[in-house]
Amino acid sequence: MPELPEVEVVCQGLGPLVRTRKILSVSFSNKKLRKPFPRAKMYSRVEGSFILGVERRAKYIMLRLTGKSVMLFHLGMTGKIGLFDRDSPRRKHDHLRFLLDNGKEMRFNDVRRFGCVEVYSEKELRENDPFAGLGPEPFSEDFSADYLLNKARGKQVPVKSFLMDNRVVVGLGNIYANETLFAACTHPHTPVNRLSRLDWQRIVTKSRLILKKAIAMGGSTISDYENVSGEAGYFQLELAVYGRQGQPCSRCGQPVVRSVLAGRATFCCPVCQK
DNA sequence: CTAACTCCCTGATAGC
DNA sequence: TGCTATCAGGGAGTTA
């Protein structure tokens with residue numbers, strides 16, 4: 001489900017709903033997510049704490065808590081966070097429930113269980129940074145044509161796989177990597193060492209444009225993404241190539257072609273993207 | 001080292 | 001109706 005725009009929309013929606021709220025108790029399902037629940041830390045660091053704020057880093061949702069604690073959520077492919085009345089019926093695949101001091105419950109639901117939840121103290125965060133090794137945020141100055149040109153030196157990975165690599169840049173997943181390359185007129189299979197500084201500049205500019213627009217439109221709902229209020233996004237209506245194999249390219253009318261790159265569905269217009 | 005492949009898991013959909 | 005195969009927004013780990 002969620003790439004940078006979807007995670008950003010969730011964070012923006014969640015913040016006002018939970019900021020200043022106290023977490024009274026935590027409940028777990030009997031199935032583990034990608035990693036086992038950090039139960040001990042949930043009881044010692046999360047229960048009884050207040051939520052100070054919600055931020056996004058890469059595709060993580062970060063809740064800052066009193067007591068110098070941080071709780072991280074990763075939505076994986078099908079993770080969802082929502083606010084519900086404490087007595088409302090639980091849904092299938094609700095794996096975590098946080099009872100708040102206003103009668104609401106924050107619930108983490110994840111069908112495929114590729115998501116995860118972690119709890120850190122600020123000290124642990126500094127000493128054992130879970131974000132170490134991640135590349136820059138797409139909207140940061142560090143994400144530049146020069147940076148990419150340098151990072152790509154001597155590598156032959158296809159540019160689409162490169163953009164989806166967290167160590168290169170965070171937040172771009174399969175949808176937005178495909179869309180960025182279409183907008184930048186760059187073929188997804190191009191080995192990265194063949195791209196010029198100008199090519200990279202186009203990629204930087206277009207990726208930011210697309211991510212920004214996707215955030216403004218509430219993200220892309222392909223099958224089941226929804227924001228904290230259970231609403232779908234609209235950016236899927238704007239997708240130029242993702243999922244559109246056989247349909248005419250919006251620029252030249254030739255059919256969009258689907259291929260597979262590193263096991264991921266890849267879409268491009270072989271005429272417009274060189 | 002790089003790049004490709006495999007696996008984690010459930011559910012929707014297509015084809016027989 | 002029901003079976004089987006394929007595919008899905010991510011990412012970590014293994015293999016050649």
Side-chain angles (χ1 to χ4, degrees), chain A residues 1-11 29-37 56-61 72-81 91-96 108-118 130-135 138 150-181 188-194 207 210-211 214-215 217-227 232-246 258-267:
Chain A
M1 172 236 309
E3 304 180 35
L4 185 149
E6 292 75 28
V7 178
E8 181 65 34
V9 168
V10 168
C11 285
S29 75
N30 51 13
K31 290 190 176 173
K32 72 170 191 136
L33 300 177
R34 197 165 81 216
K35 303 169 185 174
F37 297 116
R56 180 190 60 77
R57 171 72 176 103
K59 294 174 189 164
Y60 287 89
I61 296 159
L72 294 183
F73 294 101
H74 195 291
L75 301 177
M77 292 278 255
T78 51
K80 294 174 194 173
I81 293 178
R91 296 182 297 181
K92 199 175 179 185
H93 309 297
D94 278 346
H95 294 295
L96 273 170
F108 184 99
N109 181 287
D110 189 357
V111 172
R112 292 175 71 182
R113 291 189 275 127
F114 290 170
C116 66
V117 183
E118 292 172 281
F131 303 131
L134 290 185
N150 185 47
K151 193 88 177 169
R153 192 170 298 149
K155 298 199 172 114
Q156 307 203 78
V157 218
V159 60
K160 182 183 163 245
S161 308
F162 189 73
L163 291 178
M164 289 178 69
D165 185 340
N166 274 334
R167 295 165 302 182
V168 174
V169 58
V170 298
L172 289 175
N174 205 28
I175 294 177
Y176 298 103
N178 275 301
E179 292 298 310
T180 292
L181 290 171
H189 288 68
T190 313
V192 287
N193 61 0
R194 293 216 330 242
S207 66
I210 285 169
L211 292 171
I215 293 168
M217 294 183 73
S220 300
T221 296
I222 298 301
S223 69
D224 58 3
Y225 163 74
E226 56 186 48
N227 67 17
Y234 293 98
F235 194 73
Q236 69 280 6
L237 302 172
E238 300 286 315
L239 297 175
V241 283
Y242 182 86
R244 298 179 61 88
Q245 66 270 30
R258 181 188 190 274
S259 60
V260 174
L261 212 39
R264 301 298 196 127
T266 301
F267 305 89

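Here is how names work: the chains are called A, B, and so on, in the same order as the sequence lines, proteins then strands, and each is numbered from 1. Just the heavy atoms: all of them, side chains too, but no hydrogens, waters or symmetry mates, feed the values below.
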Roughly how many Å is it from [atom1] in [X] to [atom2] in [N], rounded to a whole number?
X      : N      : atom1 : atom2 : result
A/K80  : C/dG10 : NZ    : P     : 16 Å
A/R244 : C/dA8  : CZ    : C1'   : 19 Å
A/L75  : B/dT10 : CG    : C1'   : 16 Å
A/H93  : C/dA8  : NE2   : P     : 20 Å
A/M164 : C/dA8  : CE    : C1'   : 12 Å
A/Q156 : B/dA4  : CD    : C1'   : 13 Å
A/R167 : C/dG10 : CZ    : P     : 16 Å
A/I175 : C/dG11 : CD1   : P     : 13 Å

**Item:** Is_stacked (A/F114, B/dC8) at 5.5 Å, 30 deg
**Value:**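 Stacking is present between B/dC8 and A/F114, given that their ring centres fall under 5.5 Å apart and the planes under 30°.
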**For C/dG13, the Watson-Crick or wobble partner whose two distances fall under 3.5 Å** =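 Base partner found: B/dC5.
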Side chain of [X] only, heavy atoms from C-beta on: which candidate in [options] is closest?
X      : options               : result
A/K31  : B/dT10, C/dA8, C/dG11 : B/dT10
A/P158 : C/dG11, B/dG11, B/dA4 : B/dA4
A/R34  : C/dA8, B/dG11, C/dG11 : C/dG11
A/E3   : C/dA12, C/dA8, C/dG10 : C/dG10
A/M77  : B/dC9, C/dG10, B/dA3  : C/dG10

What nucleic acid atoms does [X] come within less than 4.0 Å of, heavy atoms only: base, sugar-phosphate, or nothing?
X      : value
A/D110 : nothing
A/Y242 : sugar-phosphate
A/K92  : sugar-phosphate
A/G263 : nothing

**Request:** For the residue pair A/E3 and A/Y225, confirm or rule out a side-chain donor-acceptor distance under 3.5 Å.
**Result:**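 There is no such pair (donor and acceptor under 3.5 Å, judged by atom type) between the side chains of A/E3 and A/Y225.
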**Request:** Ignoring hydrogens and angles, state whether a donor on the side chain of A/N109 or A/K92 is under 3.5 Å from an acceptor on the partner side chain.
**Result:**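 Absent: no donor and acceptor within the cut-off.
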May I ask you to verify if any side-chain N or O of [X] is less than 4.0 angstrom from the OP1 or OP2 atom of [N]?
X      : N      : answer
A/H74  : C/dG10 : no
A/N174 : C/dG10 : no
A/K155 : B/dA3  : no

**Asked** Does the side-chain contact (heavy atoms from CB on, under 4.5 Å) test come out yes or no for A/R56 and A/L4, once each step is laid out?
**Response** CA-CA 9 Å; A/R56 180 190 60 77; A/L4 185 149; 3.4 Å; yes
**Message:** Please check if the number of heavy atoms outside A/F131 that lie under 6.0 Å from its CZ is greater than 12.
**Reply:**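 Atom CZ in A/F131 is packed in, count exceeds 12.
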**Item:** C/dG11 versus B/dC1 - spacing of their P atoms, nearest Å
**Value:**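 Approximately 22 Å lies between the P atom of C/dG11 and that of B/dC1.
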**P gap between B/dC9 and C/dC3, integer Å** =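 Pairwise P distance, B/dC9 against C/dC3, rounds to 23 Å.
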**Message:** With a 3.5 Å cut-off and heavy atoms only, can you find an N or O donor on one side and an acceptor on the other between the side chain of A/R113 and the base of B/dC9?
**Reply:**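 When only heavy-atom distances are counted, A/R113 does not reach the base of B/dC9 through any donor-acceptor pair under 3.5 Å.
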**Request:** Return yes if the base of C/dG10 and the side-chain atoms of A/R264 contain a donor-acceptor N/O pair under 3.5 Å, otherwise no.
**Result:**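 Check passes, donor-acceptor contact within cut-off.
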**Request:** Could you check whether the rings of A/Y60 and A/H74 sit parallel, tilted or perpendicular, using 30° and 60° as the cut-offs?
**Result:**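 Perpendicular.
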**Item:** Residue among A/L172, A/L239, A/T266 satisfying side chain to side chain contact (heavy atoms under 4.5 Å, CB included) with A/N178
**Value:**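 When side chain to side chain contact (heavy atoms under 4.5 Å, CB included) is applied between A/N178 and each of A/L172, A/L239, A/T266, only A/T266 qualifies.
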